[in-house]
Amino acid sequence: MTPHIRQATAADREHVVDTLVEAFIDDPVQRWIMSTPERRRRYGRHFFAMHARRMIPMGLAWTSEQGVSLWAPPDQWRESPVDTARLITRAFPGALPHPIRAVRGLLGMEALHPKDPHVYLAVVGVREAGRGQGLGSALITPGLQHADSLGLPCYLESSNELNVPLYERHGFKVTREFAFPGGGPTAWLMWREPQR
């Protein structure tokens, strides 16, 4: 059965945030930054709300009952200084006891973000109840088709090694592994050339 995927709108913002918070509750990087599920729910909301507020109006956001994908068009992947300051102010307390280490890790990964024009898969998340049914593939397909229609590559950072094969099936290749500081988790930086 094919999952029902539709473009997300401003009316979906709360659903998008709720879905991503739950989908990432056990994510290795989220666990490293915020040690308890309560912190991940509380402060993760700020992080995902920022992405939803920015990316849904760009028209590259898709949702279903159990999942979400948010993309950024070329040269629009970076948060504004205002968004970054707002996020640090609201989410910084959740990164205790190592907030500086967390910020250093996230900035280190951001420094490796490709400069060539590309479509950026900022986040894709599926709630536990929706996993194993092809929903992740269904959620990223519209963004891949959009990038292909423009003849542009795609880029993502996977914070979970278990998801790397999914992305590889869609044409992504690992270009680098990034180790977060202080014994933190690894992220897989992946690139996909446009498909014809």
Side-chain angles (χ1 to χ4, degrees), residues 17 19-48 50-52 54-55 67-72 77-79 83-84 87-88 91-116 118-128 130-132 134-137 139-141 143-144 147 153-193:
V17 173
T19 298
L20 292 173
V21 166
E22 289 307 314
F24 280 81
I25 198 69
D26 289 321
D27 175 75
V29 173
Q30 293 281 329
R31 282 196 328 254
W32 177 71
I33 294 173
M34 294 167 275
S35 58
T36 68
E38 294 76 23
R39 280 187 175 167
R40 291 193 290 276
R41 283 188 180 92
R42 180 174 177 193
Y43 296 102
R45 290 195 71 73
H46 298 297
F47 178 75
F48 293 120
M50 177 191 68
H51 278 309
R54 284 185 61 243
M55 293 181 179
V68 170
S69 69
L70 300 176
W71 299 71
W77 59 270
R78 188 184 307 267
E79 289 84 22
D83 280 335
T84 301
L87 178 64
I88 289 172
F92 200 70
L96 297 174
H98 303 290
I100 301 301
R101 184 182 70 178
V103 170
R104 275 187 32 232
L106 294 171
L107 291 175
M109 189 167 66
E110 183 177 305
L112 299 174
H113 199 112
K115 308 296 185 259
D116 295 337
H118 63 277
V119 180
Y120 175 52
L121 175 53
V123 63
V124 58
V126 176
R127 290 178 186 259
E128 189 173 349
R131 294 179 187 158
L135 185 52
S137 288
L139 284 162
I140 66 173
T141 296
L144 297 175
C154 298
Y155 174 72
L156 64 83
E157 301 115 353
S158 179
S159 56
N160 190 330
E161 187 175 16
L162 297 175
N163 295 332
V164 169
L166 163 71
Y167 300 127
E168 288 175 334
R169 286 194 299 273
H170 289 279
F172 284 92
K173 292 182 175 32
V174 175
T175 58
R176 185 174 189 150
E177 292 182 14
F178 174 78
F180 283 84
T186 298
W188 289 263
L189 314 186
M190 304 186 74
W191 185 261
R192 176 188 182 270
E193 290 296 334

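One is the number of the first residue; the rest follow in order along the sequence. Values in this document were obtained by computation on a predicted structure and should not be read as measured data.
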Could you give the distance from CG (L121) to CE (M190), rounded to the nearest 0.5 Å?
-> 10.5 Å
With side-chain contact (heavy atoms from CB on, under 4.5 Å) as the test, would you mind laying out the steps for L20 and L70 before giving the verdict?
-> CA-CA 10 Å; L20 292 173; L70 300 176; 3.9 Å; yes
Quick one: closest heavy-atom pair of F180 and A187, and the distance?
-> CE1-CB, 4.0 Å
Minimal non-hydrogen separation, A147 against V119, with atom names | CB-CG2, 3.7 Å
Looking at residues at least two apart in the chain, or sitting in another chain, which of them share a side chain to side chain donor-acceptor pair (under 3.5 Å) with S137?
-> H170
Which atom names give the shortest non-hydrogen contact between L135 and G67, and what distance separates them?
-> CD2-N, 3.9 Å
Please report the closest heavy-atom contact between N163 and S158, naming both atoms and the distance.
-> CB-OG, 3.8 Å
Atom CZ in R40, atom CG in D26: separation rounded to 0.5 Å?
-> 6.0 Å
With sequence neighbours left out, the residues meeting side-chain contact (heavy atoms from CB on, under 4.5 Å) with E22 are R41, R127
Would you tell me whether E157 and Y120 have side-chain atoms, one donor and one acceptor, within less than 3.5 Å of each other?
-> yes
What pairs meet the salt bridge (charged side-chain N to carboxylate O under 4.0 Å, His left out) rule with one or both residues in residues 165-193, with sequence neighbours excluded?
-> D148-R192
Nearest heavy-atom neighbours spanning V17 and A52 = CG2-CB, 4.1 Å
When the ring planes of W191 and Y155 are compared, do they come out parallel, tilted or perpendicular, using 30° and 60° as the limits?
-> tilted
Ring centre gap for F47 and F24 strictly below 6.0 Å | no
In Å and rounded to the nearest 0.5 Å, what is the CH2 to NE2 distance from W77 to H51?
-> 11.0 Å
Do T186 and E161 have side-chain heavy atoms sitting under 4.5 Å apart?
-> no
Partners passing side-chain contact (heavy atoms from CB on, under 4.5 Å) against A23 (at least two apart in sequence or in another chain) | R131
Of all residues at least two apart in sequence or in a different chain, which pass the side chain to side chain donor-acceptor pair (under 3.5 Å) check with Y167?
-> none
Judged by atom type as modelled, is there a donor-acceptor pair below 3.5 Å linking the side chain of S69 to the main-chain atoms of L139?
-> yes
Should we count CZ of R31 as having more than 12 external heavy atoms under 6.0 Å?
-> yes
If you take all heavy atoms of F178 and L112, which pair is closest and at what distance?
-> CD1-CD1, 3.6 Å
Which residues satisfy the side chain to side chain donor-acceptor pair (under 3.5 Å) test with D27, sequence neighbours excluded?
-> S159
What's the spacing between H118 NE2 and W71 CH2 if we round to 0.5 Å?
-> 10.5 Å
When you look at L156 and C154, which way does the side-chain contact (heavy atoms from CB on, under 4.5 Å) test go after all the steps?
-> CA-CA 7 Å; L156 64 83; C154 298; over 6 Å; no
